[in-house]
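Note sheet for the following structure.
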Amino acid sequence: MRDPGARPNHPPHTMISPYQPDSVEQAAREHWDSSRCFEVAEDDGKDKFYCLTMFPYPSGKLHMGHVRVFTISDVIARYQRMQGKHVLQPMGWDAFGMPAENAAIQRGVPPAQWTYQNIDYMRGQLKRMGYAYDWTREITTCRPDYYRWEQWLFTRMFRKGLVYRKNSVVNWDPVDQTVLANEQVIDGRGWRSDAPVERREIPQWFMKITAYADELLDELDRMPGWPDSVKTMQRNWIGRSEGVELSFDVPGAEAPLTVYTTRPDTLFGVTYMAVAAEHPLAQKAAETDAAIAEFVEACRKTDATEATFETMEKKGLPLGIDAVHPLTGEPVPVWVANFVLMSYGTGAVMAVPGHDARDWEFAKKHGLPIRQVIGSADGAPVDVQAEVYTERGVLVNSGDYDGLDYEAAFNAIADHFEKSGTGRRKVNFRLRDWGVSRQRYWGAPIPIIYCDDCDAVPVPEDQLPVVLPEDVEFTGVGSPLRDMPSFYETTCPECGKPARRETDTFDTFVESSWYFARYACPDAGDAMLDERARYWLPVDQYTGGIEHAILHLLYSRFFQRVMRDEGLVESSEPFTNLLTQGMVLKDGAKMSKAKGNTVDPQELIDRYGADTVRLFMMFAAPPEQALEWSDDGVQGSFRFLKRFWTAVHEHVAAGTAGPVDPQTLDAAQKDLRRKTHQTIEKISDDIGRRHSFNTAVAAAMELLNAIGRFDDTSPAGRAVVREALDAVVLMLSPMVPHICEALWNALGHTDALIDQPWPAFDASALAQDTVELVVQVNGKLRGRIGVAADADKDAIVALALADPNVQRFVADQSIRKTIVVPGRLVNIVV
RNA sequence: GCCCGGGUGGCGGAAUUGGUAGACGCUGCGGACUUAAAAUCCGCUGUCCGCAAGGACGUGCGGGUUCGAGUCCCGCCCUGGGCACCA
């Protein structure tokens, strides 16, 4: 027995210099900087690995979400480098956006100046964190040498018909006379004016992402490197549906009411129609009916978000007009309703209250008839007066179509309309074209010139970029570009007459839809991309917040295809593997500038060093889950690094240790060596396959704890410890690279840690003579037995039954069944 | 409202393919060292019963499948993200 409290083999701490993160981390940084080891060029002889993080908006300083995602990506990059890959990991700035405008309003600093200052500060913070970036590739999207190429691509798309202009709805603040972002609308009111927000239609530019809808959808089935949840979200977002477009005649109206339905089988159940407030029928009725006019006006006074639209109270009024049912010839009343939008589809819907939940509620509220036209396939009773029935079933009350199932009815009815020429089968997408116009200053100018004679003309290539003037006075009401004749006054590229530039700027998602490609060739001066993009793309590992699961990732997939069709890149998909990291939450909510609930990582870096912060972020939660921030635990990570430091230095202080000779080890030495190689196997899998960094850290801690308990100063014992310490330093180096750099040197290695291969485990070290099995009786744990690793089932069961406690529960009952799970358990069922 | 996640001790989390629930860490409690404090080290730490051996209960709630369920199925509750102008 050892004396508890006594620690063998450890000289007094005074002999060992304490862990001082500042000097350790500075030394490591200087080594990486001077050796320029993270700068990479194309090398066809090597297996490339492009490791990318969603680039940050330069909001001022790093926040915990940044630290988390950048550390995840850095761990993967460094791990892959140790796997022998030729790793590119770049960094840059998503530099356009609203916060710069808000800062300008609040502090009177021009957006450009504010942005560049933030970038300088945050770049310093990133360097302090020790991320393995190739800084020679840094991209800043608000620089003309970057955004000129998206302007160029836009003009190419213009000529291909992939961009167009149409009217579209925005949030209008009637007091500030300005367009508001959804974020700036709070409970239906403008954030600064507090005035009720209205919907307003203005002409805006759109990119035809719907032209790629089928491809974007289909390819999801061949993307095993993406999480299923993200693929499902994108599938639902694209929302492909097969239906029928058909028309209801409206006597006296100029045009029939055209509607799209995915449930033509329910056509006989239509009891009313609903049109949008902006629909011509409603507009016409409003001219003569004050109540309708008032309703139509009220519909305009709501913001333009889908969430508002879906949750608001469903309202409507009858227009006093009837449509004619195309199959029965019966009159169907037409209503105007606030839940139909003119901008989606045809601005009119057919209502089947018996078999559609929203229609059912609306019908109940307004006393409209509910008609059952679908019965259950198994004959179970259906009462649509009491409850809506939305299942696909068998047609009833549907004339000649009675008895048909969904598919047969769909086809019969679709055929009927196609034969008579009054309707057709149609594939519809929920996905809408991408509106890229923003009525803001701090963005890339849309390269269009408006000429009275030639209409909208794209800026010719030799006149690009259209440079955003950076030295402006920014007031926050409207865009300063609208008040700058020096910006907008120009001449038409086609006819040479005086003309006017577009003053709207691009959605900032445009910049982030192709930056990943530009990192391959950030200095390409005469092309958007060059051949280097073909070498590096696609991105092998992309890491970023789950909040980007749809918009950013879908727009990037779209742009990748546009660039492909332009001959700029080869691959169709930009990101082979995707890791969506969870948010860092504080008080249960997303940390954000807007909410002001941020925790500043800088304070922790100053106090404990970058490695402690990195380690804590990796250890506190698995990467894909949300992480509720807590100040507890950072201290624990620091304590671990101190123990790690001390363990290595104590071992070194006791003199050199030779190589392990596996043939001569005693049982305890074999145990530690087995633990070492089990840990290598586990951490390799945790980092390489599972991205389970928290369990990788835990496994390293366990091994270090085992080393601490190991009391053996013999040459063989010290050799086994030495092997274990080398392995821990190598395996923790992706997560805590600075301290590992120092410890690697302390262990006497002369070649750089950064160039070391990942350790391999020795399968022969894992072998065990006896294994412990759990014994259950009826699935309940009743004992444990040690058995030979190669014991057969009968021997195991016999041994299990010999256990006194197992005996107690089996007693004289007859054994009905025994189950042996090799290496795990025995279950005796009585 | 719709789509996608999550819910396990006092806390963060582990349990990878249906097979020992609570690894690892934090907190707390007790102890060693110290004039003292900090730091460090050792031990204990899901709840309840029991001197102990051991037992009962226990993974948001209610059902189900199975020799065996945190894990699979059905129905709920709570909570995070997205919903096209926050990025």
Side-chain angles (χ1 to χ4, degrees), chain A residues 3-7 10 13 18 54 56-57 59 94 97-99 170-171 179-185 227-230 232-233 235-237 239 304-312 357-358 431-432 434-435 437-440 507-509 512 545-552 554-555 580 582-583 585 588-590 592-594 616 619-622 624-628 630 632-637 639-640 642-643 646 682 685-686 689-690 692 694-695 697-702 705 708 772-776 778-781 784 804-805 808 816-819 821 824-825 827-830:
Chain A
D3 178 21
R7 282 175 50 83
H10 296 298
H13 290 175
M54 292 177 188
Y57 179 80
S59 53
D94 189 14
M98 281 207 317
V170 294
N171 298 309
V179 176
L180 298 178
N182 287 337
E183 186 191 51
Q184 296 170 319
V185 179
D228 289 337
S229 59
V230 173
T232 303
M233 279 192 266
R235 270 187 206 106
N236 292 339
W237 185 262
T305 72
E306 188 188 305
T308 302
F309 179 71
E310 292 282 348
T311 52
M312 70 189 176
R358 189 182 61 189
L431 179 69
R432 307 195 303 261
W434 177 13
S437 295
R438 297 293 179 269
Q439 296 69 48
R440 301 190 201 294
D507 178 4
T508 57
F509 274 126
S512 56
I546 184 69
E547 67 271 26
H548 295 295
I550 295 174
L551 292 181
H552 161 60
L554 198 59
Y555 292 150
T580 52
M583 327 232 156
L585 307 178
K590 177 181 175 176
S592 73
K593 291 142 282 184
F616 175 70
F619 184 56
E624 311 213 59
Q625 274 181 36
L627 181 154
E628 169 68 32
S630 150
D632 295 341
V634 180
Q635 181 81 34
S637 293
R639 198 152 42 215
F640 171 75
K642 283 195 286 190
R643 275 203 302 274
T646 305
K682 174 165 176 57
D685 188 48
D686 279 354
R689 180 181 63 89
R690 296 208 300 152
S692 175
N694 55 328
T695 55
V697 173
M701 287 173 167
E702 276 192 67
N705 289 344
E772 188 186 71
L773 296 189
V774 157
V775 184
Q776 298 179 339
N778 289 342
K780 294 206 174 207
L781 177 64
R784 290 163 201 279
N805 202 48
R808 216 154 65 81
R816 296 197 303 161
K817 193 174 180 182
T818 57
I819 293 139
V821 181
R824 292 220 170 244
L825 59 75
N827 190 11
I828 294 162
V829 185
V830 294

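So that the names make sense, note that chain A is the first sequence line, chain B the second, and so on, each numbered from 1. Quick note: numbers below take in every heavy atom, side chains included, and nothing from hydrogens, waters or symmetry partners.
Between G13(B), C83(B), G81(B), one nucleotide has an atom nearer to the side chain of Ala307(A) than all others, and that is C83(B). Between C83(B), C4(B), U20(B), one nucleotide has an atom nearer to the side chain of Leu551(A) than all others, and that is C83(B). Comparing G81(B), A84(B), C86(B) by their closest approach to the side chain of Glu183(A) singles out C86(B). The side chain of Pro99(A) sits closest to A87(B) out of C4(B), A84(B), A87(B). The side chain of Ser229(A) lies closest to C4(B) when the candidates are C4(B), A84(B), G19(B). In this structure, the nucleotide among G1(B), C86(B), C67(B) sitting nearest to the side chain of Asn182(A) is C86(B).
Within the nucleic acid shown, Thr311(A) comes within 4.0 Å of at least one base atom, counting heavy atoms only. In this structure, Asn236(A) reaches the sugar-phosphate backbone alone: every heavy-atom distance under 4.0 Å involves primed, P, OP1 or OP2 atoms, never a base. Residue Trp237(A) is classed as a base contact, given a heavy-atom separation below 4.0 Å to a base. Here Arg432(A) lies in heavy-atom contact (under 4.0 Å) with a base. Using a 4.0 Å heavy-atom criterion, one finds that Gln439(A) contacts the bases of the nucleic acid, with or without backbone contacts as well. Contacts of Leu773(A) with the nucleic acid, taken as non-hydrogen atoms under 4.0 Å apart, are absent. In this structure, Val829(A) reaches the sugar-phosphate backbone alone: every heavy-atom distance under 4.0 Å involves primed, P, OP1 or OP2 atoms, never a base. Here Glu624(A) lies out of heavy-atom contact (under 4.0 Å) with every strand. Contact annotation for Phe509(A): base contact, defined as any heavy-atom pair under 4.0 Å involving a base atom. At a threshold of 4.0 angstrom between heavy atoms, the contacts of Val170(A) include nucleobase atoms, whether or not backbone atoms are also involved. Within the nucleic acid shown, His552(A) has no heavy atom closer than 4.0 Å to any nucleic acid atom. Among the atoms of the strands shown, base atoms are found under 4.0 Å from some heavy atom of Ser437(A). As judged by a 4.0 angstrom heavy-atom cut-off over every strand, Pro18(A) is placed among residues making no nucleic acid contact.
The shortest heavy-atom contact between Thr580(A) and Pro227(A) is OG1-CG, 4.1 Å.
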Assign a letter to each nucleotide of nucleotides 46-53 of chain B from its 5' end: B, base within under 4.0 Å of a protein heavy atom; S, sugar-phosphate only; -, no contact.
-> --------
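Look at Asn805(A) and you'll find a side-chain N or O under 4.0 angstrom from OP1 or OP2 of G55(B). At U16(B), none of the side-chain N or O atoms of Arg690(A) fall inside 4.0 Å of OP1 or OP2 (strictly under the cut-off).
Taking syn as a glycosidic angle within 90° of 0, G64(B) does not qualify and is anti.
Residues that satisfy the side chain to side chain contact (heavy atoms under 4.5 Å, CB included) test with Arg432(A), not counting sequence neighbours, are Tyr344(A). Partners of Arg643(A) under the side chain to side chain contact (heavy atoms under 4.5 Å, CB included) rule, at least two apart in sequence or in another chain, are Arg639(A), Phe640(A). Checked against ring pair (Phe, Tyr, Trp, His ring centres under 6.0 Å), Phe509(A) has the following partners two or more places apart in sequence or in another chain: Tyr555(A).
Across every strand in view, G1(B) sits in a pair with C83(B) that passes the Watson-Crick or G-U test at under 3.5 angstrom. The base-pairing partner of C51(B), taking Watson-Crick or G-U wobble contacts with both distances under 3.5 Å, does not exist among the strands shown. Remark: G62(B) base-pairs with C74(B). Criterion, Watson-Crick or G-U wobble with two distances under 3.5 Å.
Between C44(B) and C26(B), the distance separating the two C1' atoms is 16 Å to the nearest Å. For the C1' atoms, the distance from C49(B) to A53(B) is 14 Å, rounded to whole Å.
Applying the 3.5 Å distance criterion, the base of U20(B) shares no donor-acceptor pair with the side chain of Lys780(A).
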Name the pairs: protein N/O against N/O of nucleotides 63-65 of chain B, kept only if under 3.5 Å.
none

Can you tabulate the close N/O pairs, meaning under 3.5 Å, that link protein atoms to atoms of nucleotides 22-29 of chain B?
from	atom 1	to	atom 2	distance (Å)
A23(B)	O2'	Glu702(A)	OE2	3.0
G25(B)	OP1	Asn705(A)	ND2	3.0
C26(B)	OP1	Arg639(A)	NE	3.2
C26(B)	OP1	Arg639(A)	NH2	2.9
U27(B)	OP2	Arg639(A)	NH2	3.2

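Using a 3.5 Å distance cut-off with no hydrogens or angles, the side chains of Asp94(A) and Ser512(A) do not pair a donor with an acceptor.
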